[in-house]
Structure formats: structure tokens, C-alpha cells
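Worksheet: the structure to be examined is printed underneath.
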Amino acid sequence: MITIIYICGVYSLALALFHLGFWKIFNWKVALKKLNFANQGIMQILNIQIIFYFFFTAFMCFVFPTELLSTKLGNFLLGATSLFWLIRTFQQFVFFRVNNYKIHILTIVFLLGAIIFAIPILIK
């Protein structure tokens with residue numbers, strides 16, 4: 001079961017790296033200028049904070065896999081992270097009402113996150 005925790009860590013690390021690329025992927029140097037000053041800052045601050053959260057989650061999975069599996073706090077963190085990804089999956093349908101394969105791929109990626117973080121607490 002520790003292997004699934006390591007998979008959760010790799011998943012979180014991959015999402016952190018993906019978010020590090022947002023400035024380039026979404027051409028934020030140009031695109032964010034269309035927003036007012038406050039919204040420009042909010043977008044970037046939220047992205048930096050989510051990058052921290054993903055690195056933090058990956059670190060926990062790599063360094064404390066046994067604790068995540070065997071303690072109430074660890075199980076709570078796994079469950080909360082699974083819920084995070086489940087909520088993110090539902091948000092795809094609320095905020096991206098387009099039929100685009102990239103959106104569908106991300107929806108599957110987010111659902112996968114909800115599943116892999118739930119597996120250790122559902123299967124004991």
C-alpha cells in the first residue's frame with residue numbers, strides 16, 4: 001500500500017511542475033495585463049500557493065508514507081486531498097462548459113487524483 005502513497009507523491013509533484021509552467025503555457029506576461037492590478041496579483045498568488053501545496057503534499061507522501069497510512073491525521077490528510085481533487089473535478093463542469101479534448105483530459109487527471117488519494121483509506 002505504500003506504493004500508492006508514492007504514486008500520490010509523484011502525482012502531486014507532476015501537478016506542481018505543471019503549475020510552474022502556467023506563466024509560459026498561458027502567456028501570463030501578456031494575458032494577465034488584461035486584468036486589473038488586483039486580479040493580476042490574485043491569479044499569480046493563488047498559483048504560487050497551489051504550487052507550494054502540491055510540493056508539500058508530494059513531500060509528505062515521499063517522507064511520511066507510513067504515517068499517512070497508519071494514523072488518523074494521515075488518513076484525514078489523504079481524505080482531504082481526495083476531496084480536493086473531487087471538488088476540482090466537479091469545477092471542470094461548472095467553469096469549462098466546452099467540448100474540448102484538453103478539458104476532458106484534465107477532468108480525467110483530476111478524477112484520478114481523487115481516486116488515488118482515496119484508495120489507501122478505502123482499502124485496508
Side-chain angles (χ1 to χ4, degrees):
M1 196 55 71
I2 287 193
T3 302
I4 192 73
I5 300 296
Y6 289 134
I7 292 170
C8 290
V10 170
Y11 177 89
S12 297
L13 185 59
L15 268 291
L17 295 174
F18 177 59
H19 274 263
L20 280 170
F22 274 23
W23 283 268
K24 187 172 184 173
I25 294 167
F26 298 108
N27 194 18
W28 275 4
K29 189 174 186 177
V30 173
L32 291 181
K33 288 184 180 179
K34 297 175 185 174
L35 300 176
N36 67 39
F37 177 76
N39 285 326
Q40 288 178 36
I42 290 167
M43 288 291 293
Q44 293 179 84
I45 288 168
L46 287 172
N47 194 51
I48 291 167
Q49 291 303 117
I50 201 73
I51 291 166
F52 172 81
Y53 173 75
F54 292 150
F55 277 129
F56 172 79
T57 302
F59 178 82
M60 280 193 316
C61 291
F62 295 140
V63 177
F64 303 110
T66 303
E67 291 83 352
L68 288 169
L69 287 169
S70 62
T71 67
K72 287 182 182 181
L73 178 59
N75 279 220
F76 176 81
L77 290 168
L78 291 171
T81 305
S82 176
L83 186 59
F84 172 92
W85 287 114
L86 186 61
I87 292 168
R88 182 61 185 88
T89 301
F90 287 122
Q91 289 173 342
Q92 286 291 100
F93 300 102
V94 174
F95 295 105
F96 296 111
R97 294 183 184 176
V98 294
N99 190 8
N100 180 292
Y101 79 95
K102 291 177 185 177
I103 300 298
H104 298 315
I105 290 169
L106 283 175
T107 302
I108 292 166
V109 168
F110 301 146
L111 186 57
L112 177 65
I115 292 167
I116 64 171
F117 277 93
I119 288 172
I121 54 177
L122 295 176
I123 301 173
K124 288 193 175 196

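Position 1 is the first residue of the sequence; numbering continues from there.
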Using the test side chain to side chain contact (heavy atoms under 4.5 Å, CB included), find all partners of I105 that sit at least two apart in sequence or belong to another chain. Y101, V109

Applying ring-ring contact (aromatic ring centres under 6.0 Å, His included) to F62 and not counting sequence neighbours gives none

Between C8 and I116, the two heavy atoms sitting closest are SG-O, 3.4 Å

Please enumerate all residues that pass side chain to side chain contact (heavy atoms under 4.5 Å, CB included) together with F90, with sequence neighbours excluded. L86

Just jot down the side chain to side chain contact (heavy atoms under 4.5 Å, CB included) partners of I48, sequence neighbours excluded, or say none. W23

Going only through I, L, V, M, F, W and Y residues with side-chain contacts under 4.5 Å, is there a path from L83 to I108? no

Is there any side chain to side chain donor-acceptor pair (under 3.5 Å) pair reaching into residues 104-122, and which pairs are they, with sequence neighbours excluded? Q92-T107, N99-H104

Atom pair CG (L112) and CD1 (I7), whose distance is rounded to the nearest 0.5 Å: 9.5 Å

From W28 CH2 over to M43 CE, what is the distance, rounded to the nearest 0.5 angstrom? 4.5 Å

Acceptor/donor pairs from residues 51-60 side chains to any protein atom, 3.5 angstrom cut, sequence neighbours excluded:
residue: Y53; atom: OH; partner: T81; partner atom: OG1; Å: 3.2
residue: T57; atom: OG1; partner: Y53; partner atom: O; Å: 2.8

Which residues pass the ring-ring contact (aromatic ring centres under 6.0 Å, His included) test with F110, sequence neighbours left out? W85

Quick test of your reading: applying side chain to side chain donor-acceptor pair (under 3.5 Å), list the pairs with at least one residue in residues 9-21, sequence neighbours left out, ordered by first then second residue. H19-N47

Contact between I5 and L78 at the side-chain level, heavy atoms closer than 4.5 Å - yes or no? yes

Hphob cluster co-occupancy, L111 + I123, side-chain heavy atoms under 4.5 angstrom: yes

For V98, what residues pass the side chain to side chain contact (heavy atoms under 4.5 Å, CB included) criterion, not counting sequence neighbours? N100, I103

Quick check on the hydrophobic clustering: are F26 and L46 connected, directly or via other members, by side-chain heavy-atom contacts under 4.5 Å? no

Side chain to side chain donor-acceptor pair (under 3.5 Å) contacts touching residues 58-76 (sequence neighbours left out): N75-K124

